[in-house]
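Predicted, not measured: the structure shown is a model, and the values here were computed from it. When a ligand or atom number is given, it counts from 1 through the structure's own listing order. We number each residue from 1, following the sequence as shown.
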Amino acid sequence: MDRFRFIKKPPIGGTEFRTSRIPGFYRLSVEQRLAFLARSFNLDDEQVSQLRNGNALRMKHAVNMVENAVGVFGLPLGLGLNFLVDGREYLVPMAIEEASIIAAASKAALIIRKGGGFRTRINDPVMIGQVQVLDLKKPQKAVEQIKNYKEEIIAQANLANPRMVQRGGGVFDIETRVLDGGEDVGEMLVVHLLFNVCEAMGANAVNYACEAVGSLIEKVTGGRVNLRILSNLADKRIARAEFTLPFEHLTTKEFTGEEVAHRLVEADRLAHVDPYRATTHNKGIFNGLCAAALALGQDWRAIEAGGHAYAARDGRYRGLTTYKISSGCLHGEIELPLQTGSVGGAVKAHPGVQILRAISGVENARQLAGLLSAVGLGQNFAALLALSTVGIQKGHMALHARSVAVSVGVPPNAVEEVTQEMIRRGEVKVTVAEDIYRRLQKRPKQVEEEDELPVETFAPGKIVLFGEHATVYNYPGIAAAINIGVKLKVTRDPDGPRFLHPHFKKVFSVPKSDQDIQLFSNAVDVALGIYDLRNEPIAIQIESELVPGMGLGSSAAFSTALCSALRQYKHLKRSKRWDSDFFDEVQSLEAIFHGHPSGMDAATILSEGVLWFRKGPPREFLPIQVPTPISGVICLVEPGARTIELVKKVANFREQKPKYVNGILEDIGNLTVDAGIALGTGDTYEIGKLMFRNHELLAKLGVSTPALDRAVELLLDNGAIGAKITGSGGGGAVIGLVEPGSQFDLMESLSHDFPMVLPFTLGALR
Ligand code: MEV
């Protein structure tokens, strides 16, 4: 695997991160997620291992952080996705033990980004330091004195924090309040130092300043100073986040979008008028906000304390959010004090926080406050949405059940069934998920009962997405089954067995087509031998939508359709999609066409999906689950050369210029690894970019032609996201990836430039 290192050199976060929208992230294995992060943020092996094992914080750090240290404490760490805040994309690291929080935040952010995401307004980072003055005969007089000596007090306070002053911060104003401490304490003066703490959370700096002015304040007021400490009711440092969402994005199965919006407003209103509800409402906000604050090294207790106090600012404890309806939209907002820091504290002392900060994309304390307020609002929106529609238990349970199913290794195609069964039983547990999955595996597979003739089968064609030619040298390749293929029919024929004249789609006059047809006929003969059907009264007829010689896998599709039909005829059922006997049978027919086929075509066609392949040994066939359908077009350009000739051409070139050619092959190998991840995460733009890069490398290998290069350019000029040769080159076809929804327009506009243009969709066949 050394050849395919994802990891580039530090600094972390050096690569520009494009989007927080990563469809199917939850379906990736943890290792795939980490590989994605490593690739996107230049993490080295050590950093990846620290994230995976939660051991970024070692004992040596812990002993410098707290007293009596005996260890470090772990919590699950996940990524909140889809956050678009003030037009910037953020991934939100969240450390939390409660299931569903991260999924709910990500879901909320996904819905909210449909309305343009979150917008925030963040006040300057002004903290309040308090100095308590007692034993005053005339508190109002003391107030006057503080006003008179304001400049001196400010100067004295700032002497304690010269570096902060240099950075443009420090104490800049003073406020006073006179409070009644009751009979035993009497009236007291509280002096507030207003302190711009710049990028810091500010606790230390503010506390220094308060302590520094104590004796001066005693002197000017004639009183006695007791407490000198910051206030966590940081109400000068308010963060506001809001979003606007047209009703259409709120529609559920049961309710119209407008109804959902109204129900949400009603739910929010209860938190405004009832402290019992407000407490739970705000707890939900801090579920997400504090999980992110913790992962990003913030003092989440300060944030939470400030938030709760602010919630009671008018004398009654209320929810921190407000939802309204206007002009066909739901408008949600949150307002709370946020004391965030991008320097000092755990931000500096905890090495894991540094990695997570880089992953988040947050650059300063203001952005951090914006992001945290958005997370809090999003978390609340998710909770209210569930509570005011299906109820939280159902939503929670489904999310929780899904994560339990995934955690016990249930494969993606069975997760839904296992999840639903757990919910039906009302038991969401690891042991129950394991049990359900075990039973599912034992369930007899449905097999097609096809006793009667005619037998009809279909096998799809394939395209090579990445890695052609490099696969010969044991680098990986990625291929995908396509929607068009070969139809085969076995009918009764007293003069049989016979292979009826095949119907291929012909778009070019292929000089050696008679020779090709002879190969198909030979393959039929071998297949009849394999299944012991040499004396059967049957006729075999094919109709192929695949033009032979275009690299679309017509021989493998034919071999698969044939073996499948003859098995059905013999009542030899395939019990599962992947059956190695069946694969071997198909391969032995493929050998008639290709000598020593690698197996990539047959495996891709059998998998009916997107397949990662490596020749080996050991041979690697790994299905890639593409999370959302990705569309493209196949353009047939010119008659293709024989694969064997092109493979030879590359081998000769490699003999002449080993260093140059090996370098290209290695580049193709590395790029294919990246492409595997991009496909697994549904990153269409990355896939497109890598496709074009792959084409350039194939051209350098000498397997492109002027017509193929022109075709790739034409596709890109017409808006394709990426394009390349597919297959061995020397002629044949090119493929292009298209913007969602534009596949058929592009086919239309290219229809005059190529003899044939076909659609394909990845991730949709199975
Ligand atoms: C559970 O941790 C949080 C919720 O109760 C919040 C709320 O009720 O708004 C779902």
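- Look at Glu421 and Arg424 and you find a salt bridge, because one of the NZ, NE, NH1 or NH2 atoms lies within 4.0 Å of a carboxylate O, short of that distance.
- Ile303 approaches Leu338 most closely through the heavy-atom pair CG2-CD2, 3.5 Å.
- The residues Glu363 and Arg88 are annotated as salt-bridged, a charged nitrogen and a carboxylate oxygen being separated by less than 4.0 angstrom.
- Numbered from 1 in the order shown, with element, the atoms of ligand 1 that lie under 4.0 Å from a heavy atom of Leu387 read 7 (C), 8 (O), 9 (O).
- Atom numbering of ligand 1 starts at 1 in the shown order; those under 4.0 Å from a heavy atom of Glu98 are 1 (C), 2 (O).
- Of all the heavy atoms of Asn287, the ones lying under 4.0 Å from any atom of ligand 1 belong exclusively to the side chain.
- With a 4.0 Å cut-off on non-hydrogen atoms, Arg277 touches ligand 1 through its side chain and not its backbone.
- Residue Arg269 places its CZ atom among 12 or fewer non-hydrogen atoms of other residues, nucleotides or ligands, all under 6.0 Å distant.
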